[in-house]
Structure formats: C-alpha cells, structure tokens
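Single-structure report; data block below.
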Amino acid sequence: MATGPTILHADLDAFYASVEQLLDPSLRGRAIAVGGGVVLACSYEAKRYGVQSGMSGWKARQLCPDLTFVGGHFRDYTRLADEVMSVLHDVTPVVQRISIDEAFLDVSGSVHLFGPPAVIAARIRQRVRDEIGLPISVGAARTKHLAKIASQVAKPDGLVVVDPATELEFLRPLPVGLMWGVGPVTQRKLAERGIHTIGQLADAPESAMHSMLGAVLGSKISALAVNDDQRRVKPHGRAGSVGAQSAFGRREPEPRFVREVLGNLADRVATRLRAKHRAGRTVTVRIRFAGMQAITRSRTGRHPVSATLTLTEIAEQLVFGALVGRADAPDSAQISLLAISVSNLVDQPALQLELPVEPATPDNPGSAVGAARWAIDHSIDAVRHKFGRSAVGYAAVALSQHGSVPDEFRELAEHEL
DNA sequence: TCTGGGGTCCTAGGACCC
DNA sequence: TCTGGGGTCCTAGGACCC
C-alpha cells in the first residue's frame, strides 16, 4: 500500500529566543541568548556566530561580542507553546508532543478535510505566524524519523515535504548528524573514517561500522526504513523516571553541604511523585567531579519510595558510600554536581496506607515509620499548595537554593508523570 | 578561567532461576 | 568430573535528545 508523507514534525524555531523577540521588539534582528552562565537558547542571529545552546556564557561572548543576554520569561514559554499545540490539535487529534516546542502529527485522517499534507503544513505555519507570532518549521514524510530530519532541513522558518519516491535522494547528501541518535561522539568517530553524509554511511560496509561503533549504528540506519512503528504517532506518554540535579561549581564534598543539596533535590523529586500519586523502587544518584567525570550509584528496594525523608536517606547512603569508595582517587577531591533520580515507577494510591502494618522500615509505606512520613509529607504538600513552596519544608531544604536556575525553568523541562 | 536541567535508550556483566 | 541455555532483574556507564 502506497502511503504519502502524512507524518508531520512541527518544530518552533529557536523557541525561547523567538519568544523574547516577540515580547520585546527591540530584540528583533539581534543576536540574543537566554540564560547567563550557560546559554539555554539563542537566536538565529547568534547562531551565525557559532553560539549554541548548552555553551557557557563565557565562550558565547567570545564568539559573539555583541551578544545580548536576556533573563527568560519562562511562564510565557509555557503559555505560548501550549497555544501552538492547540493549533496543531485543530488539524488532528493524533499529536505526539515530544518537548515543549515540537510535536509529531499524523494527518492521514485529515486530508479529506484540509487537503494534502503539504497544504496542512503550510496552513499550520501560517496560523502560528499570524495568531501567535512565532516562526515554526515543518517537515512532512512517511515516517517520524524522516519528518524530523525534514523539519531540521526546513529551518529556519520553512517547510520541507519528502516525496516518498525521492527519499534516498533527499537523504544522501545530508550530514549524518541530522540522524536521530547521531551526536557529537558518533559524528567524530564517523568523520575519522571519512564518513560525513548519510549517503556515505549507507555505502559503508556494515561489518566495519559494527566493529567500530557497535550495533547501535546499524539500528539507526535501519530506523530510516519505513515500518509501522516508525510511523506510529503516540498521543501521550508517561515519564519512566523523575529526577532533579544541581550544579554548583567546584566544592569540597563536606557532609553538611552534600546533605543540604540532596535534601533539596529529594524534596523536589518526592513532591512531584506525590503530586501524581507515583512512587519508585529504584533510586539513582549521580556525582560529577570537578573534571566532569561522573559516576552513578543506584539501589532497587522492595517498596516504592515517595517520602521526602526516605528518599533523602537513601540518596545520602549512596552518595557517601560512593565518595568513601573513591576517597583515594585523585580526581574526587571536588564535586561539581549532584543528582537524584527515581525510576521503576508505580502508581501509589492513598489506599496503600491502609495496608497491614509491617515491622517499621522507613521505605515501607505500610510500616509505622513509612505511614508517619507519608502523613507529614502530605501535610507539607497541602500547606505549600495553599501558601507556596517556601512556606514550609524540612529544615535543611527550606534554607537553601543552590541552583543557579529558577524553578520556573526546571518546570519547563519536566515531563508528564 | 567554561561546561544547566529534564529526560530516554542502549550495552555489558553478574546474579539468579528454571 | 564437568559445567547447557534461556530469561529476567539489577547495576554502572555512556550517548543522546530538547
């Protein structure tokens, strides 16, 4: 059965920066970056100088002396992105949002109403431009992977439709880095073998690629082939893990400081879990040292965790255990980041409290200690709901905000639980 | 005198079970 | 004296995405 390019990938251009330029006309046409210590996003005018998101502010200024840094209007990002998504939903209910500013659409059921995919895509772009004021690029193809590549090629502010008959011609000259899953490391390895384009990659002997890069790349190549799974647009998905991290420059890992940071992270993670009646059996911590090397330690318990104090305790045990284990390592004198993540998530209705009381263990919500903590946490959650996050909390947590990033920005990146 | 914060997925080895 | 094979879960590390 022949299928047309009915999968669309819609991707707002330089989203945060475009919003800033929309809100403040004096910024339009100028090289701007959102952020400070690190570039969270930048305008196309800044990209022309080589500025990229994730880059340190220091390096960005070196590349582009005229760069203007602006503080983010994070609430507006959420509001405007949601408005864009509602435009997409006007076209089809089959929308898979994959981040704040991009989504896949399956318009195969909409062509009889709105016309061919190219027309639908053009209409989306026009509406987002007229009604919201933002540039958006759209790619249309037979699969999600191809549609995403097409939208990247379309940027900025463009539309690219990949005709099923000319897919290979379209792909061959493109840089391998446009493929989903080919990042800087893989790109560098391929470049060492003289492979820069998708065509060159397709022509390379698979055995050589396999010995060099493992099986990963083979699956990425085959992902370009058309199959049903590549086409399926899944309207929604739940997150499989919840985490929080904090970078704080270089610090000695003094117990007092480490406890304070972990308490704060555990508070954020556990609060989000409880808000969605979720809990997780696996707790993972990550420690990054001054030299950027990082290690992880995890523990999977019998009972799902969502109590702030329990999560804090487990995280402390994992972190201090790892630090003791590396006390001799020359590179572990200073740490630069701590993270906590909870996975193996399960639903945890309040019903669970009514389980028979088992011997008291902190991580068991059916135990006396677990129930007490659950009750305290829910009291705190309720007070915060009414008076705000800073109204109440555990002592070590309420004190400090090490993160250089506002909570509003953190919330932007959170996935649906 | 730099390197944020939220996630996903994959691999490899070991423990353990049948 | 020899020691299969498959499956699942867990841990650690790493690449990648936005």
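Letters go in sequence order (proteins before strands), and every chain restarts at 1. Since this is a predicted model, take the numbers as computed values, not measurements.
Rounded to the nearest Å, the gap between the P atom of C:dC18 and that of B:dC2 is 28 Å. Comparing the P positions of B:dT1 and C:dC17 gives a spacing of 32 Å, expressed to the nearest Å.
In this structure, of C:dC10, C:dC16, B:dG4, it is B:dG4 that holds the atom nearest to the side chain of A:F409. Checking B:dG4, C:dT11, C:dC17 against every side-chain atom of A:L40, the shortest atom distance belongs to B:dG4. Candidate nucleotides B:dG6, C:dC16, B:dG5 were compared by shortest atom distance to the side chain of A:E414, and B:dG6 ranks first. The side chain of A:R281 lies closest to C:dC10 when the candidates are C:dT11, C:dC10, B:dG7. Side-chain atoms of A:S56 lie closest to B:dC2 of the nucleotides C:dC16, C:dC18, B:dC2. Listed nucleotides: C:dT11, C:dC18, B:dG7. Nearest to the side chain of A:A239: B:dG7. You'll find that the side chain of A:T296 is closest to C:dA12, out of C:dC18, B:dG6, C:dA12. Side-chain proximity of A:W180 to the nucleotides C:dC18, B:dG5, C:dT11 is greatest for C:dC18. Among C:dC10, B:dG7, C:dC17, the nucleotide with an atom closest to any side-chain atom of A:N344 is C:dC10.
Each of A:R389, A:R274, A:R272 was scored for a salt bridge (charged side-chain N to carboxylate O under 4.0 Å, His left out) with A:D267, with one residue passing: A:R389. Evaluated for a salt bridge (charged side-chain N to carboxylate O under 4.0 Å, His left out) with A:E102, the options A:R97, A:K148, A:K155 yield exactly one hit, A:K148. Here the options are A:V261, A:I340, A:V324, A:I287, the test is side chain to side chain contact (heavy atoms under 4.5 Å, CB included), and the partner is A:V319; only A:I287 passes.
Distance A:K144 NZ to B:dC9 C1': 14 Å, rounded to the nearest Å. The NE2-P distance, from A:H145 to C:dC16, rounds to 13 Å in whole Å. One atom, CZ of A:R238, and another, C1' of B:dG7, lie 16 Å apart when rounded to the nearest Å. Summarising the geometry, the separation between CG on A:L417 and C1' on B:dT8 is reported as 14 Å, rounded to the nearest angstrom. Atom CZ in A:R97 sits roughly 16 Å away from atom P in B:dT8 (whole-Å rounding). For the pair A:Q245 CD and B:dT8 P, the computed distance is 14 Å after rounding to whole Å. Between A:Q334 atom CD and B:dT1 atom P there is a gap of 17 Å when expressed in whole angstrom units. One interatomic measurement links the two molecules: CD of A:Q52 to P of C:dC18, which rounds to 13 Å at whole-angstrom precision.
A:M55 comes within 4.0 angstrom of no nucleic acid atom, judged by non-hydrogen atoms across all strands. Contact annotation for A:I295: backbone-only contact, meaning every heavy-atom pair under 4.0 Å involves sugar-phosphate atoms and none involves a base. As judged by a 4.0 angstrom heavy-atom cut-off over every strand, A:E411 is placed among residues making no nucleic acid contact. Within 4.0 Å of A:G240, counting heavy atoms only, lie sugar-phosphate atoms of the nucleic acid but no base atom. No contact: A:V39 has no heavy atom under 4.0 Å from any strand. Nucleic acid contact class of A:A244 (heavy atoms, under 4.0 Å, all strands): sugar-phosphate only.
For A:R288 and B:dG4, the shortest distance from a side-chain N or O to OP1 or OP2 is below 4.0 Å. The phosphate of C:dG13 has OP1 or OP2 within less than 4.0 Å of a side-chain N or O from A:R297. Under 4.0 angstrom from either OP1 or OP2 of C:dC18 there lies at least one side-chain N or O belonging to A:K148. A:R272 has a side-chain polar atom (N or O) that falls below the 4.0 Å cut-off from OP1 or OP2 of B:dG7. Between B:dT8 and A:S241, a contact under 4.0 Å exists linking OP1 or OP2 to a side-chain N or O.
Remark: the backbone N or O of A:A270 is not paired with any side-chain donor or acceptor of A:T308 at under 3.5 angstrom.
Using the six-membered ring where Trp is involved, A:H9 and A:F104 have ring planes that are tilted, between 30° and 60° apart.
A glycosidic torsion no more than 90° from 0 defines the syn conformation, and B:dC2 adopts it.
Ion pairing between a basic and an acidic side chain is recognised when a charged N comes within 4.0 Å of a carboxylate O; A:R79 and A:D82 show no such pairing. Between A:R238 and A:D347, at least one side-chain nitrogen of the basic residue sits less than 4.0 Å from a carboxylate oxygen of the acidic one, meeting the salt-bridge criterion.
Two residues, A:A290 and A:A413, neighbour DNA chain B, and the one matched to the more 5' nucleotide by heavy-atom proximity is A:A290. Residues A:W58 and A:L265 each lie close to DNA chain B; by heavy-atom proximity, the contact nearer the 5' end of the strand is made by A:W58. Toward the 5' end of DNA chain C, the nearer of the two residues A:T300 and A:R286, judged by each one's closest nucleotide, is A:T300.
Nucleotide C:dC18 has B:dG5 as its partner under the Watson-Crick or G-U criteria, with both atom distances under 3.5 Å.
A:M292 contributes atom CE, which lies 8.5 Å from atom CG of A:L337 (distance to the nearest 0.5 angstrom).
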